[in-house]
Every structure is written in C-alpha cells, then in structure tokens.
Amino acid sequence: MIHSLLSASHVIEYHQDLSLDCESPDTIHWICEQLHRLSIEERVFTDRHLIQLNQAIKEIPTGRQRQLISARDQVLYYLSTVCEWQLPPVKEAQFEDAQDTWMLTILQRSQPATVLMNGYQTQRSTFMTKRWADVGWLVMVLNMEVAPLPMRYWADVLANPSSIEYFEGQFTLKVLHPKPIAAYDSKETPSFTRYALPLFAYRLLEDFYVRTPSERYTPRQLTHHLNQWGAQTPYYFDELQPAEWFRTFQCVWHGHHRLPAPFLRDFSDPMRHVATVSTVHTNTPKGAFISAELYQLPITELNETPSTSHGSRRFQWPHKALIKYHQGKHKTRPPTPPWQERNLLPSLFYGFVNELFELGGIQRHTLQPDSIDRYTNFYQHLSPLSFACASDPETLHAWAHAQFTALQEQSTPWHLYNFLRYLAHQELTDHLDLSQFEKPTLPSLVDACCLSVTQIHDTVEALLSSAHGDALQRLFSAVALLLGYYGTLRRGEVLRLRMCDITICPKDQQRFYLTITTTEEGAPKGGKTRTTAAYLPELSAKLVRALLAIKKNATAREPLIRVTGESLSQREQRYLYPVTQALKSLWGQHVRFHHLRHSGADLLYLQGLHLAYQRPPEHLACFQEETESQTMLTEAVCQARFDFWLEGQPFCDVNDAILLDVMGKELGHFYYATTRKHYLHGMEKVGNIVQPKQRAYSRDELRYILGMSARSNDISRVLNEIHPNYTLQSDEQKKRHSLQFSEGDLLPKVIARHQRLHNNTSSPIAPLPRWLPSTDKKRSDKAFISMWVSSLPQDFIDESHDDFILFNRHTLRLNDGSKFDFRTLSQQWLALKKLKRFAFDKKDRTQLKALGIPKVVKHWREDGREDRPQERRPYISLTFCVKCNQKTQKAFVQLFHEGPFKAHPATLSLVQNRKSLRSTQHQRVENQFKRAKDSLQTFIVPEGDGALIIELHTNIFAHHLMSPLTQHIERLFTPHPSQHRRREAQHG
C-alpha cells in the first residue's frame, strides 16, 4: 500500500469548514497516532479496533479522557465521510444521530435566514440600477445564488479567475478540492467539483475579476466584509461567526430551494463530489476510427517466448532499448515489441515508458531518460503477467497485490502504483480497481467520467456500422454496451448474465429485469444477489429483444453474451474489447467500460430528481440540448424506470424519503455515500433541477446581465430578438408584460459578449470554447435494428472476399422460420473458426491446387451432448483423391502437418492395383504422409490406377451446410471472372 499518515490538520480543517465542533490539534493528533499503530490496511474499522482504541484512551489517568473520546468520534467521522471507512454498527448509529443534530443546528437559523432572504431580494432588485462594487455583497450573492460553501472555498474562487468555465452548454464554477480526491488530479487538471453558475452571479464575478485581477482575500477578511455588509440596511445583523453565516445560508437553501438534508450536505461540502472532464467527440468520419484490429483479439499474434522473470539475463527488455535510444546510445528507435502470451510485461512496460517520453509525468511535462529509467527500475522484481491472468479481474488483482507485497520493503511501491494506473487505462486490463491499492487513511480517489444518452447511442451506431467483425459480434458488443449503461452493470456482471437472469416485462417491452447473482463463472462484487431494472428506449430495446430471439432455444444457464463454447476471457476479448476501443476512440483515452455504469447511475439520478421535483423533460433543455437525453427524462419514462418501486402509483403517494436508498440499491450499494461520491459527478445538473426553468426578469436585470448601461434603450432591440411575440405588442402592453425567460434564452447573447470582451491575452478570464448550436441526431425506433439487419450478409458466400460467412440472414433469422438453432450454430462457428472459415492464405492455396478440388461429404460419428445421450450425428469431411508422389507429399506436409488442417484427424486410403503389390507406396505413406492421429488403410483393386484418398474429418456439424460449403469450396478453386479479365489483359 502507499503509505501516508493520517493528518490531524485535515481532520480539523474538515470540521471547521462544515462548522462542526473539533478538539485541539494535539488531542486529534494523539488519536491519529493510535490509529496508525493499529496498522489498519483496509477501509474497515472493526469492533476489535474500537476496543483497542478505547483501552488506550482509558490508560490516560486525567480528565483528558473526555477530550480524547470526543476526538476519537471526530476522527472516525472524518474517516467515515471522507475516507469511506466502514465503522462498527454502534458508531454508525451514533453518527446518524449526529446528522439529525447537524440539521437541527441549521433549522435554528430559520429566523435570520428569513430576514436574509427577504432583505436579499429587495437589495438584489436595487442593485440592478445602482450597481455597487463590494466584496461582502459578492460573497453574499455567491452563497445565495450558487451554493452555500465554507469561506475557505470562496477565498480560492475569488483568487482564481479560471474558476469560471463554460461546460456542456452553461457557465459553471470550478471549486478546487483542498485534498485531491479525483483520479485525474494533476497540475494541469486539479481535483475539483463543479456548480452551476447563474448568469447574474456570473456577471458579478466577472466584474470582480476584471476590476481586481490580482487581489487576494483570506477567509477571515471575507467574513469581515460579509459582516460589514450584513450590518447595514436591510439586514441589521450583529457580527456573526463564519459558522453562523454558513448555517444561515444552508437554512436559506433548505427552505427556499426545498433541498432535503442529503442534498444540502452535497451542496455545502465540495469534497462530496468530483466533477467530470470534457468528453469531446473526435469528429472522425463515421466508422473511420475503427481499425481492422477492433473486432479481433487485442493480441492478434500471441508469441510464445521464454519466461522473463527477474532471474533471466538473456532476455533484453524492449523499454530499456527505448530509454537508450532517447539517451542517444542507440541510433534507431526500437520497434514496438510483439505481445507474449506467457508474459505481457515487456510490451506493457514499453508502452508505459513511451507515454512517459511523449506525455511526461504527473508533475512535469517532460522527463529525462535517466529519471524514467529510475522510475521503472522495479521491473526486474515483478513476476510475469500472463495473458490469461491479465484478462481475468480476480487473477489480475491477485497478481498486483502480490507485487505490492513483494516491494513493500523497498522504495518503489509508488512507481509500481503509477504503472498500475497506466494498466487501468489499457483495454486489456482496464478492469483493474486502483482503490484497492490506496492508503486507507487517504481520501478514496474517484474516477469521474459521464457520457450522455446521445454519446452512448453514437457509440452503438459506430459499433453496428463497423465493416469489421461478424454480425453476431457486432450485436453482442452493442447489447453489452446498452446493458452496461441502462442496466448500470459492471463488465463482469454483463458477461456472466445468463438467459434466465434477464426477463422482459409483459406489460412493457422496453423494461427488462436483470438478476445479478453468483454463477459458475464467478460472483458479483460483495457476493450478494440483486435484481435491477433497466428501461431502454425502443431503438435500444429492439436490439436486446433481437438477441433474445436469436438465442430463444438456449438453455437457462447459458450466458447471454456468448456463442456456446466460448470461455469468459474469450468473450471479454471478443465482445467487450470492441466496446472499450470504440469508447476510447470516440470520447477519449480516459473512458473505460466501467464508466458506462457511472453514466447509467447519473441518468438514474436525474430521472429520480425529475420525479421528486416534478420537472418537465425539457427542464434541462437549455443545458442538455440533446433530444435523446430529454426523451429519457419524460414523466412517463421516469415512472416506468422506477415502476419496480412505484408499482403504478404516482410518486407523491410513496415514501419519497427513501428515494436515494432506492437508487443506491439499484446499483448494489448498501450505503448511498458510495453512490453519491463515486457515481454522481458534479453538482451543476442538480443546481439546475432545483431552480425553476423560467423566471421573471426585470428590464434592469436584463440590462445588467447583457452588459448594458443602467438606462440603455437598446434593451428593446434585444427583447425583439429573444421574445417571440414582443414586437407584436403595443407600448402599453410591453410595459405591463412580464418577461419570462430561461437562462438558455439569454445564453447566446451572454456568450457573444464574453467572447467579444475576453478573447484577448490581457483578460484575466479565459476565453470560451467556440459556441456551436446543437446538432442533435434524429434516430427512429428502428434505427439500430435496421442498421444491424442491413449489415447481415445475404448468403453464406461473400462475393467480395473468399470467406465463408456462417452468420447471415438465413442462419440468424429472427422469426420462427429459421432452420438453425443457436446451439448448433455455435458448434458450427467454433469449428469453422478453427479452420479460419476456409480463408486460406496464398501459400496454402498453392498447395491446395496440388491436391485438387476436395469433395464435401458427410461422416457419421457418436456424439454425446449435455442435453441428450450418445447418438450418431453427421459431420463435414473433405475428401481429396491424389496421386502418391513427391508433389502431393509436399502439399500434404504444408497443409496437414503445419497448415490449417493440422488440428484435424484424417483417414488415408491407399488404393493399389494387384500388379503393384511389391511397390513401396504403403511404406511411403506410412512414413511421410501419416500423422499420429491419422488412420491408414489399403485397398486392392483388380485393375485401374492406384490413388491416395485423403478424408479430412472436421468438427463442423453438417446440419444444412453441405450445399453452401460445396459451393464455397468450388468457388475457391474456380477463378473469378475478374481474374480471367486480368490475365487476358496481362497476355493481351
């Protein structure tokens, strides 16, 4: 583990920020030392630990015991809320009571909160014409309009003009964390959370940055300015302490904005959330980003090499050659090393070192070769990481823990942790959970990323429209993506989902119930079974129903995402790897498959809030301009999504106090705190939901927001542009007309003004990215299924290639007229896969011509299956009739001993004329043709030429494939018309 002592200063600062009582620093420090001596390596504080800590406190002979007991609870509260420790039940119950006490202290500020709210509304209206500049007024506006935050955060915001950021269609305020809790934390992108910034607060803050770009205020100075402002008309407050101001602002938000206690804690504590970073489309032409390797195994050629353990000196690690190249010791850059099945570390270290050279480290943009050499010198102490180990989450985590244990006594665990962070963003190993390697006394890091409904559907479209991979692979990958998002499933849960674990609601074909439980292939996280609901839009639900229709005859325990016979690791490579590649190619290298679960949780959260606050679907339209996202937020969809809980009742008739627990249970979380911190990112959307979509604006306020002078008549021109019927009214009607706008209506004007004023280097405020109108896509309910069906080949034979295509419109027919059941189809596909679907390379084709056109015949053999006893079933055989000479011997060795037929047995029948019984043909076939798995038999004929009949026995079940395979084999040996024309042109 990465060691770091629990700091008393962090505990004290946390309690002070939240206006909670806290003991003296030396008392808190004493408790932290005792916890360190317990050597707790997990985020679990057991009853035994509590007894040991209490015994240490009881050894103190004086009244200091009372202070230490209080400090103990304060430290444990910090570990529970910030570091996410699991505490004994007695302490959990105690802290639940403490939450009620905390809420009571806020409600006790109701009278000054009412005075503050009434006075603020009056003063706000006056400000629009007077437009004074005062820091106390600014701090009050930020607490009333943005969020009630501790003074320390406002001091940081006022000192940093880059706090204003335009993000996903709105102005937001970036609030930095005093302690990093974001996995992406760096100097360029520090850990922060995000709040919606209303246009009035934005304009006031903008004026402050322009007026005082270099002035800095301490929290104490800001409190002093706030007290000076609050002592005047219309408030007449006595001097208040920071904690009293903080609780007063919290009380305003609780009463005026109807924020319940959990949301109020979220708004008033930035450490409870991590904001997401932008996921911008790469604007690559559709389908162009998908390489030919996308639908192949991530390791197309697994080279067998000797094990490269730390004891081996013969093997030259490729990343060392790369370092020497940058040091100038080698003139040419070493090539990218091939993957090795027994040990992937050489290739992974090469990629890790190459990224360090190209992108730099966490702290610096550029690193010296000697530094990189020193940062990676622990590679010799690592055990080999095989391909099978890297593909399985459990074995990968076991391997990583073993390496940490081995390096525990050395100074390299931090470098190993950085290497593991690199692995967590590679497609093959992105299931690595880094939280298991963080020091328990540090705040747990949050890997924040969120994709919208439109981004998810764009990814599905990219997968379905790819020219690579077969049709069933594209369908499996798309369904895995949709279940990961709408079902909020982990990657292992998607792969282990069986046919009996997914059911369609009889009343609503768009609603699915998913059971996540222990199977033969593994158990869910925590080992607990849960049932979750998934409500998909019709275009996505059609894809899932199509897959269920194709596999309707599969057994109940058959995994949904599987061709029968594939292992878990094979399915992960074949179906999840394309999803990961598509996500990274479209939305950035930091996006992983697990972020689908994060994104689905965010959608679930918004749907719950829309029900709770009775918001229309277009409530977030000015910020979420995507129609598909708004469609998933309609009242009907939200009701359907929560129907497992509502059971047809309106939301107002159920106990809405358990809404957050219901959402956490859907994700398999026992505590809402886990859902809140790790899956719900930023507060900008919540801030918009609790505010009304439209409100009344005075002309004076519009003048201030749009940057006009207090008495400007130009406001009439602007109102004519943004108000649809304003020009049709008379002057008297315009004076009496109430101006109702959403911030989205005013946003284009404010953005144009911002770009005009701040698109220069002298402005302290960063320019906005280029604002573009929405380009929302329109997809029909049949878009995905039509795209997939149209990608299905018409027949078994592809005219443009020489492949035999098993998954086509005949075999994957969705109606009941299909002749193929999925189990038989799976057996045939796996058998064809071993023969590479008869797609022979040029060298093999040359030798095949020497053997002549094979004949496709049936051979019968005993076959036992799980669902039926032994029976004779027909399989495909390829029969060659050749002469027994040196030419056919060479072809046989190439194809049967080394080439595509080497895995299959054959029957060799030597036909000899009675006159040639003394020949050496039998001995030649025995020694030079026959393999150990082959059988040899001799037939004597009275007359005619001798021959060698080779019957290759495949594992391809002959069910309805005799005719298509015969046509395909004949086509392989028949030149195409285009080839005839090419030859004629060459000899013309």
Side-chain angles (χ1 to χ4, degrees), residues 117 120-122 124-125 127-128 141 144-147 166-173 195-204 252-253 255-259 263 267 606-627 629-638 651 683-708 715-729 733-754 771 773-774 776:
M117 189 64 201
Y120 174 75
Q121 295 288 4
T122 302
R124 188 180 188 275
S125 179
F127 170 82
M128 301 306 171
V141 170
M144 298 291 286
E145 300 270 349
V146 181
Y166 185 76
F167 181 77
E168 292 186 352
Q170 65 175 321
F171 283 100
T172 62
L173 191 68
Y195 290 90
L197 186 62
L199 293 181
F200 171 58
Y202 155 75
R203 280 284 291 111
L204 202 63
V252 170
W253 279 80
H256 181 69
H257 298 297
R258 296 187 301 154
L259 279 185
F263 290 175
F267 259 78
L606 292 179
Q607 290 171 330
L609 293 186
H610 272 70
L611 281 179
Y613 284 88
Q614 297 296 299
R615 299 303 190 195
E618 65 276 4
H619 186 78
L620 298 177
C622 55
F623 312 115
Q624 289 186 332
E625 299 174 336
E626 304 166 349
T627 305
S629 296
Q630 297 174 37
T631 302
M632 295 305 296
L633 297 176
T634 62
E635 183 179 2
V637 170
C638 295
F651 184 82
M683 297 302 295
E684 65 273 14
K685 295 176 184 175
V686 180
N688 292 319
I689 286 181
V690 301
Q691 302 282 5
K693 182 178 186 292
Q694 289 190 332
R695 68 175 184 85
Y697 284 85
S698 67
R699 286 168 176 78
D700 292 331
E701 184 176 359
L702 290 176
R703 289 188 182 98
Y704 177 70
I705 289 176
L706 299 177
M708 302 176 183
I715 189 65
S716 297
R717 178 187 60 80
V718 175
L719 289 175
N720 289 335
E721 294 177 3
I722 64 177
H723 198 289
N725 300 319
Y726 191 77
T727 56
L728 303 178
Q729 299 176 1
Q733 289 174 327
K734 291 178 180 178
K735 292 179 181 178
R736 297 195 306 267
H737 185 76
S738 176
L739 300 174
Q740 295 279 343
F741 296 110
S742 68
E743 294 211 339
D745 297 330
L746 307 176
L747 197 59
K749 296 290 183 182
V750 177
I751 289 176
R753 175 188 173 275
H754 183 107
W771 186 76
S774 174
D776 193 25

message = Please report the interatomic distance CG(L606) to CG(L633), rounded to the nearest 0.5 Å.
response = 6.0 Å
message = Applying side chain to side chain contact (heavy atoms under 4.5 Å, CB included) to K685 and E168, what does each step give before you reach the verdict?
response = CA-CA 10 Å; K685 295 176 184 175; E168 292 186 352; 4.2 Å; yes
ask   = With sequence neighbours left out, what residues match E701 under salt bridge (charged side-chain N to carboxylate O under 4.0 Å, His left out)?
value = R124, R695
ask   = Could you give the distance from CG (N720) to CD1 (I715), rounded to the nearest 0.5 Å?
value = 10.0 Å
query = With Y704, which residues qualify under ring-ring contact (aromatic ring centres under 6.0 Å, His included), at least two apart?
reply = F127, F200
remark   = Nearest heavy-atom approach of Q694 to D745 is NE2-OD2, 3.9 Å
inquiry  = Just so I know, are the side chains of E743 and Q170 near enough to count as touching, which here means a heavy-atom distance under 4.5 Å?
reply    = no
request  = Go through the structure and list residues passing salt bridge (charged side-chain N to carboxylate O under 4.0 Å, His left out) with R699, not counting sequence neighbours.
outcome  = none
query = How far does CD of Q691 sit from OG of S742, to the nearest 0.5 angstrom?
reply = 13.0 Å
ask   = Say you draw a straight line from CD1 of I751 to CZ of F171; how long is it, rounded to the nearest 0.5 Å?
value = 5.5 Å
query = Listed by chain and number, what are the ring-ring contact (aromatic ring centres under 6.0 Å, His included) partners of Y120, not counting sequence neighbours?
reply = W137
task = Over all heavy atoms of both residues, which pair between D700 and M128 is shortest? Give the atoms and the distance, please.
result = CB-CB, 3.7 Å
note = Between F267 and V146, the two heavy atoms sitting closest are CE2-O, 3.9 Å
message = Nearest 0.5 angstrom please: Q740 CD to Y697 OH, how far?
response = 9.5 Å
inquiry  = Check the orientation of F263 and Y613. Use parallel for under 30°, tilted for 30 to 60°, and perpendicular for over 60°.
reply    = parallel
query = Does E721 have any side chain to side chain donor-acceptor pair (under 3.5 Å) partners at least two apart in sequence or in another chain, and if so, which?
reply = R717, K749
Nearest non-hydrogen partners of F167 and T172, listed with the distance = CB-OG1, 3.8 Å
query = L746 and L199: side chain to side chain contact (heavy atoms under 4.5 Å, CB included), yes or no, with the steps?
reply = CA-CA 9 Å; L746 307 176; L199 293 181; 3.8 Å; yes
request  = Could you tell me which residues satisfy salt bridge (charged side-chain N to carboxylate O under 4.0 Å, His left out) with E635, sequence neighbours excluded, listed by chain and number?
outcome  = none
ask   = Checking Q607 side chain against V637 main chain: does a donor-acceptor pair fall under 3.5 Å?
value = no
query = Rounded to the nearest 0.5 Å, how far does CG of L609 lie from CG of L620?
reply = 9.5 Å
message = One pair to check against side-chain hydrogen bond (donor to acceptor under 3.5 Å, both in side chains): Y166 and H754. What are the steps and the verdict?
response = CA-CA 11 Å; Y166 185 76; H754 183 107; over 6 Å; no
task = State, to 0.1 Å, how close P692 and R615 come at their nearest heavy-atom pair, and which atoms those are.
result = N-NH2, 4.2 Å
ask   = Which pair of non-hydrogen atoms, one from A201 and one from E145, has the smallest distance, and what is that distance?
value = CB-CB, 4.2 Å
Mutual orientation of the aromatic rings belonging to H619 and H610 [parallel < 30°, tilted 30-60°, perpendicular > 60°] = perpendicular
ask   = Is there side-chain contact between L702 and L739, with heavy atoms separated by less than 4.5 Å?
value = yes
